[in-house]
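Read through the structure below, which is laid out as structure tokens, and then see the notes.
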Amino acid sequence: MKKILFLAFLSIVAFQFVKAQDVFTSDVQMLPEKGRTFLSEHFPAVKVSHLKKENEIKDMLDKKKYEVTLTDGTKIEFDKEGDWMEIESHGKEVPVSVLPDKIRTYLSTHMSGRPVTQVEKSVRDIKSS
């Protein structure tokens, strides 16, 4: 029983150590070129508030590698290559330029006038208010 408790304690400590390795910065240059290009094309008027770069160990468990928060509160998740994975705009409209043509066409036909506030690329989940 003591061994099990000791292993559980070590697991918790190890998890906290791994979690503590994330890097927070406002230096956009830490983001891969693809991500920087994406930001300048689709969010040219908004500056980066901060960027969270996840550590390598956590990356093995999850595809997400970078999380960028813009000064307007928008959060964008990028994978390790710099491709966007999710955009949350917290009530503001996500630029339709990030959406594939088929989705833009569908939205303009079936949901005209309703802004897209969240997009998740992996499952093509789009939330509208």
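The chain is numbered in sequence order, starting from 1.
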query: So Leu70 and Ser49, side-chain contact (heavy atoms from CB on, under 4.5 Å) or not? Walk me through it.
result: CA-CA 5 Å; Leu70 304 178; Ser49 171; 6.0 Å; no
Looking at [atom1] of [X] and [atom2] of [Y], how far apart are the two atoms once the value is rounded to the nearest 0.5 Å?
{"X": "Ile87", "Y": "Lys92", "atom1": "CD1", "atom2": "NZ", "answer": "13.0 Å"}
{"X": "Thr74", "Y": "Glu88", "atom1": "OG1", "atom2": "CD", "answer": "9.5 Å"}
{"X": "Met111", "Y": "Ile103", "atom1": "CE", "atom2": "CD1", "answer": "11.5 Å"}
{"X": "Tyr66", "Y": "Glu54", "atom1": "OH", "atom2": "CD", "answer": "10.5 Å"}

field: Ser108 side chain vs Thr105 backbone, donor-acceptor pair below 3.5 Å
entry: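 It does hold such a pair.
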For [X] and [Y], work out which heavy atoms get closest and say how close.
{"X": "Val94", "Y": "Ser89", "answer": "CG2-OG, 3.8 Å"}
{"X": "Val48", "Y": "Thr71", "answer": "C-CG2, 4.3 Å"}
{"X": "Ser40", "Y": "Pro44", "answer": "O-CB, 3.4 Å"}
{"X": "Lys121", "Y": "Trp84", "answer": "CD-O, 3.2 Å"}
{"X": "Lys80", "Y": "Pro32", "answer": "O-CG, 3.5 Å"}
{"X": "Asp79", "Y": "Lys65", "answer": "C-CB, 3.6 Å"}

- prompt: Who pairs with Asp72 by salt bridge (Lys or Arg N to Asp or Glu O under 4.0 Å), at least two apart in sequence or on another chain?
  reply: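 Applying salt bridge (Lys or Arg N to Asp or Glu O under 4.0 Å) to Asp72 gives none.
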- request: Using the test salt bridge (Lys or Arg N to Asp or Glu O under 4.0 Å), find all partners of Glu33 that sit at least two apart in sequence or belong to another chain.
  value: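 With sequence neighbours excluded, Glu33 shows a salt bridge (Lys or Arg N to Asp or Glu O under 4.0 Å) to Arg36, given in chain and number order.
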Student check: side-chain heavy atoms of [X] and [Y] closer than 4.5 Å:
{"X": "Leu107", "Y": "Val96", "result": "no"}
{"X": "Leu99", "Y": "Val119", "result": "yes"}
{"X": "Leu51", "Y": "Leu31", "result": "yes"}
{"X": "Ile76", "Y": "Leu39", "result": "yes"}
{"X": "Glu67", "Y": "His50", "result": "no"}

- prompt: Within a reach of under 6.0 Å around NZ of Lys75, are more than 12 heavy atoms found that belong to other residues, nucleotides or ligands?
  reply: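 Atom NZ in Lys75 is not packed in, count stays at 12 or less.
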message: Once you measure the plane-to-plane angle for His110 and Tyr106, does it fall in the parallel (<30°), tilted (30-60°) or perpendicular (>60°) bin?
response: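 Aromatic pair His110/Tyr106 classed parallel.
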task: Fit a plane to each ring of Phe43 and Phe38, take the angle between them on a 0 to 90° scale, and name the class: parallel (under 30°), tilted (30 to 60°) or perpendicular (over 60°).
output: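 Tilted, since the angle between the ring planes falls between 30° and 60°.
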